[in-house]
Amino acid sequence: MNEILPSAKTLQSWLEGPRFGGLPSLTAMPAPLLSFEFFPPKNDALEAQLWACIQRLAPLSPRFVSVTYGAGGTTQARTHATVTRILRETALTPAAHLTCVGATREEVDEVARGYWDAGVKHIVALRGDPPAGVSDYVPHPGGYAYAADLVAGLRRVADFEISVAAYPEVHPGAQSADHDLDNLKRKIDAGATRAITQYFFDAGTFLRFIDRAHAAGITVPIVPGIMPVSNFKQMKGFSERIGAQVPDWMGRLFEGLEEDLETRRMVAAVVAAEQVRLLQANGVDEFHFYTLNRPDLTYAIAHILGARPA
Ligand code: FAD
């Protein structure tokens, strides 16, 4: 975070006054730091889509690109194959997501050691969600129970760069917002060097969260996770499950566009551009994009933020 403007307080004054009265000019902002998230493809067609996406976004010189790990630990081999291919065939720095689910500590350590030996030095360390059809999370007997335990374990394996998850709107399983923030602090104290947030749509929610995190003594970068949305209906259902609020105004913007993909994508770009510009104007200079293996919206929004091909 740079120090251009104070955070939530400034935003509040905008929200109370004309919405964009205070936004600095587009050319005045330094280009942001970017990272992109992909998921591992499960067939040849999706593999081709992912690689087209990587090739389109690579010239924007992201700090790192990360590859998710399927719920229930279902994509271990595919995650590994994707991450190591990125390492072999591109100049990008890959980060591998790794979860606690469905494996003993020794098995998780082994996967991590394999990454380190292959040259993958950055892990996104997560508890993970249970596999489809299982509602409650139960730690694997002999496994790492929570992400903080995994971070501590990874620190014993090698000197990884470690990112962890953060929740501006509170993780749905947390006892309270304070418990959730304590948990984030535990993950940082265990050795994580960055937090990446769950996606959110209200910039003020993120900025207030940052203020609370700073007050709790969290000093590592907290990078907003940006979800460019073009399939509003699908995203709304998913957001309910993960506890992300979808503002009413978003519903109104996408109203009547169910069959009109082209307009939906333009609206999506405007929505995300407004969100990131508000964050940028409040000193946020690093963004993590959930690309869903589709480059166009991410590319457009990164461009608006000032990113240009190297
Ligand atoms: P934790 O930090 O362990 O917290 C989980 C919950 O348990 C929280 O409610 C916390 O408050 C609570 N808690 C923590 N410690 C304790 C304790 N000792 N006692 C009781 N309660 C405790 N999922 C995947 O399966 N694969 C992925 O690749 C993936 N990537 C993600 C990337 C990002 C940036 C984000 C934000 C999420 C990602 N997820 C992924 C989803 C994530 O796995 C889920 O949100 C999961 O439910 C929580 O993971 P966590 O690492 O935040 O867990």
Side-chain angles (χ1 to χ4, degrees), residues 35-41 64-80 82-83 94-103 108 111-112 115 122-140 143-154 162-200 205-206 209 212-213 216 218 220-227 238-244 286-293:
S35 52
F36 302 132
E37 184 173 304
F38 307 119
F39 62 85
F64 66 91
V65 296
S66 78
V67 181
T68 61
Y69 201 76
T74 46
T75 66
Q76 185 181 314
R78 282 189 275 128
T79 301
H80 190 277
T82 305
V83 167
H97 291 218
L98 190 56
T99 72
C100 308
V101 176
V108 172
V111 174
Y115 276 127
H122 183 172
I123 301 283
V124 182
L126 304 142
R127 185 198 75 180
D129 283 323
V134 180
S135 53
D136 290 333
Y137 171 79
V138 180
H140 185 283
Y144 292 112
Y146 291 97
D149 308 311
L150 173 59
V151 173
L154 290 171
I162 302 176
S163 298
V164 290
Y167 300 86
E169 296 180 275
V170 184
H171 182 266
Q175 282 177 46
S176 69
D178 285 345
H179 276 97
D180 211 29
L181 199 57
D182 289 347
N183 179 49
L184 177 58
K185 179 86 165 53
R186 272 200 300 278
K187 294 193 275 193
I188 307 302
D189 291 346
T193 44
R194 169 192 297 98
I196 302 171
T197 76
Q198 184 57 276
Y199 71 81
F200 57 89
T205 301
F206 174 82
F209 177 68
R212 290 184 57 237
I218 293 170
V220 302
I222 301 180
V223 182
I226 305 298
M227 174 74 91
F238 186 64
S239 300
E240 271 160 27
R241 289 202 294 284
I242 62 151
E286 195 169 350
F287 298 86
H288 182 79
F289 284 89
Y290 296 107
T291 69
L292 305 180
N293 294 7

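Whatever order the structure lists ligands and atoms in, that order sets their numbers, starting from 1. Everything numeric in this text was worked out from a predicted model, so none of it was measured. Counting from 1, the numbers follow the sequence of the chain as shown.
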Exercise. When only distance counts, is Q198 in polar contact with ligand 1, meaning an N/O pair under 3.5 Å?
Worked result: no

Exercise. Please walk me through it: do H80 and Y115 pass ring-ring contact (aromatic ring centres under 6.0 Å, His included)?
Worked result: CA-CA 8 Å; H80 190 277; Y115 276 127; 5.0 Å; yes

Problem set entry | Partner of V67 by side chain to side chain contact (heavy atoms under 4.5 Å, CB included), out of T82, V124, T75 | T82

Exercise. Who's closest to atom 53 (O) of ligand 1 heavy-atom-wise, of R127, H97, K187?
Worked result: R127

Exercise. Does R186 have a non-hydrogen atom less than 4.0 Å from ligand 1?
Worked result: yes

Exercise. Just how far is it from atom SG of C100 to atom NE2 of H140, taken to the nearest 0.5 Å?
Worked result: 11.5 Å

Exercise. Hey, is Y144 one of the residues with a heavy atom under 4.0 angstrom from ligand 1?
Worked result: no

Exercise. How about L181 and F209: do any of their side-chain heavy atoms sit closer than 4.5 Å?
Worked result: yes

Problem set entry | Among Y137, Y146, F39, closest by any non-hydrogen atom to atom 21 (N) of ligand 1 | Y146

Exercise. D129 near ligand 1, heavy-atom distance under 4.0 Å?
Worked result: yes

Exercise. Mind checking whether Y167 has a heavy atom under 4.0 Å from ligand 1?
Worked result: yes

Problem set entry | Passing candidate, side chain to side chain contact (heavy atoms under 4.5 Å, CB included) with S163, options V223, I196, V220 | I196

Problem set entry | salt bridge (charged side-chain N to carboxylate O under 4.0 Å, His left out) assessment of R127 paired with D149 | CA-CA 9 Å; R127 185 198 75 180; D149 308 311; over 6 Å; no

